[in-house]
Amino acid sequence: MPASQEVAILVGLNLTGRGTQRKLAGGESAQASAEDSLSELASLAATAGAQVAESQIQSRSRVDSATQIGSGKVDELKALVHLHEADVVIFDRELTPTQQRNLERALDVKVLDRTQLILDIFARRARTREGQLQVELAQLNYLLPRLTGHGATMSRLGAGIGSRGPGETKLETDRRRIHQRIHAIERGLERVRGGRATQRQQRQAVPLATIALVGYTNAGKSSLFNRLTGAEVLADAKMFATLDPTVRHITLPSRRRVLVSDTVGFIRNLPTTLVKAFRATLEEVVEAELLLHVVDASSPHASEHTAHVMATLQEIGADTTPQILVLNKVDQVAGEPDASALARRILEDPEHQPAGAVAISALTGAGFRALLTKIDEALPLDTVSDCTFRIPAGDGGPIHTLHEHARVISTRYADEMCVIRAETPESIRRRLAKYLVA
């Protein structure tokens, strides 16, 4: 184990009281949900660089207000911390400031919850200025109610999981300065959103349809994006491999060009504070005309993951956008994959049936022709026709537009005019109507 790797103990909570043993997203029971969520927490911890020594689930009829899990379980955890020489205890549920303070005093180690762990991963993954601002805003909003009485734990500087991000200023400033910093970040993000809106308006000036890839984290969105666009977005098995959005264009079988954006993966119990903080990133999803909902069809939890994504889309106001269910990783599915059968198994809610389902493998490229055809069918029709345009040779804008958004067949110059014949989408033909040769 690397010297810098922290040893972690994970703790989940399964509520057994009346009203808690109900069916959850995708038909899960509360017990199964707690186990799956803790398994997911282990993946998050590994992504953050921790070695998981042990995982524990505490079953209780209700949450203990002082420690979440009760004093008896805290004593068990203290023994496990000494046994494994653990550096950190990570809780799957969000801790209140009082619970976190009490647990750190009792266990004498660093105590984090799911939100802090995800924020730490986001701090690692953010590459653009926008992403870094969003991470810092979420961290400061999370920190603010935890300042009072935090004591010695607030003096930890840059040591391990949960400490990345704003740095010393986060740990040493007072509430007033944190509020000032939050306001400054919000102003910076508004400028980012303004710039993104300007870019979107420029894109809309040449009416290209926009498509956003959404899905559960690690479903293969970035691998699909890379194969579709030829981009080199980071794609690995770690969670939240993509944080900052990336936009590229692709050409469909109808010769239409469309924009495709890759976005951050969703996850169960994604904290509301993170959804709010990453509104600028998620705007690419909200503004899209079509969503490619990527699902790991080989996962035994595909139905639950899909339900969690649907819930997040509803939270950000994108649940009514047309979707294509992209059943990825079918190379790992036994037998001949049937998209309709897989979709019926995964989508248990008939109200959320997508525009269509396609079985693909981003790894092998299987099913990609069918996917592109399905995208063509689902998007508003922008028919292509053979047109001839007569444009002043010095007018570079329309000439560039044709080369960028149509398939130029021939170009010739006569009497200081550029005559271009091209297979042109209807939207571009209307825009350049004054140059059309009858």
Which residue pairs pass the side chain to side chain donor-acceptor pair (under 3.5 Å) test when at least one of the two sits in residues 80-89, sequence neighbours left out?
Glu54-His84

State, to 0.1 Å, how close [X] and [Y] come at their nearest heavy-atom pair, and which atoms those are.
| X | Y | result |
| --- | --- | --- |
| Ala297 | Val330 | CB-CG1, 4.4 Å |
| Gly215 | Lys221 | N-CD, 3.5 Å |
| Asn328 | Ala219 | ND2-O, 3.1 Å |
| Gln332 | Ser298 | OE1-OG, 3.5 Å |
| Val358 | Gly367 | CG1-O, 3.8 Å |
| Ala45 | Val52 | CB-CG2, 4.0 Å |

Derivation of the side-chain contact (heavy atoms from CB on, under 4.5 Å) call for Leu112 and Asp120
CA-CA 10 Å; Leu112 306 177; Asp120 183 87; over 6 Å; no

Side-chain heavy atoms of [X] within contact of [Y], under 4.5 Å:
| X | Y | answer |
| --- | --- | --- |
| Arg93 | Leu15 | yes |
| Val88 | Val109 | no |
| Asp262 | Thr229 | no |
| Lys78 | Asp75 | no |
| Leu379 | Leu252 | yes |
| Ile211 | Ile324 | no |
| Arg248 | Val260 | no |
| Ile90 | Leu44 | no |

When you measure from the side chain of [X] to the backbone N and O of [Y], does any donor-acceptor pair fall under 3.5 Å?
| X | Y | answer |
| --- | --- | --- |
| Gln100 | Val111 | yes |
| Ser39 | Glu35 | no |
| Asp64 | Ser71 | no |
| Asn14 | Ile57 | no |
| Asn141 | Leu137 | yes |

Between Ser254 and Asp376, does any side-chain donor sit less than 3.5 Å from a side-chain acceptor?
yes

Please determine, by modelled atom types, if Gln58 and Glu76 share a side-chain donor-acceptor pair under 3.5 angstrom.
no

[atom1]-[atom2] distance between [X] and [Y], expressed to the nearest 0.5 angstrom:
| X | Y | atom1 | atom2 | result |
| --- | --- | --- | --- | --- |
| His308 | Ser303 | NE2 | OG | 9.5 Å |
| Thr98 | Leu103 | OG1 | CG | 10.5 Å |
| Leu10 | Arg114 | CG | CZ | 10.5 Å |
| Ile360 | Leu228 | CD1 | CG | 7.5 Å |
| Gln99 | Asp113 | CD | CG | 9.5 Å |
| Leu119 | Tyr142 | CG | OH | 8.0 Å |

Lys73 atom NZ, over 12 foreign heavy atoms within 6.0 Å:
yes

Are Leu292 and Ile375 close enough, and set up right, to give a side-chain contact (heavy atoms from CB on, under 4.5 Å), and what steps lead you there?
CA-CA 9 Å; Leu292 300 187; Ile375 293 172; 4.0 Å; yes

Only pairs at least two apart or in different chains count here, so list each salt bridge (Lys or Arg N to Asp or Glu O under 4.0 Å) that has a residue in residues 290-300.
Asp296-Lys329

side-chain contact (heavy atoms from CB on, under 4.5 Å) for Phe91 and Leu41? Distances and angles first, verdict last.
CA-CA 9 Å; Phe91 280 70; Leu41 187 71; over 6 Å; no

Test side-chain contact (heavy atoms from CB on, under 4.5 Å) on Leu342 and Arg345; report intermediate values, then the result.
CA-CA 5 Å; Leu342 286 172; Arg345 175 176 63 82; 3.4 Å; yes

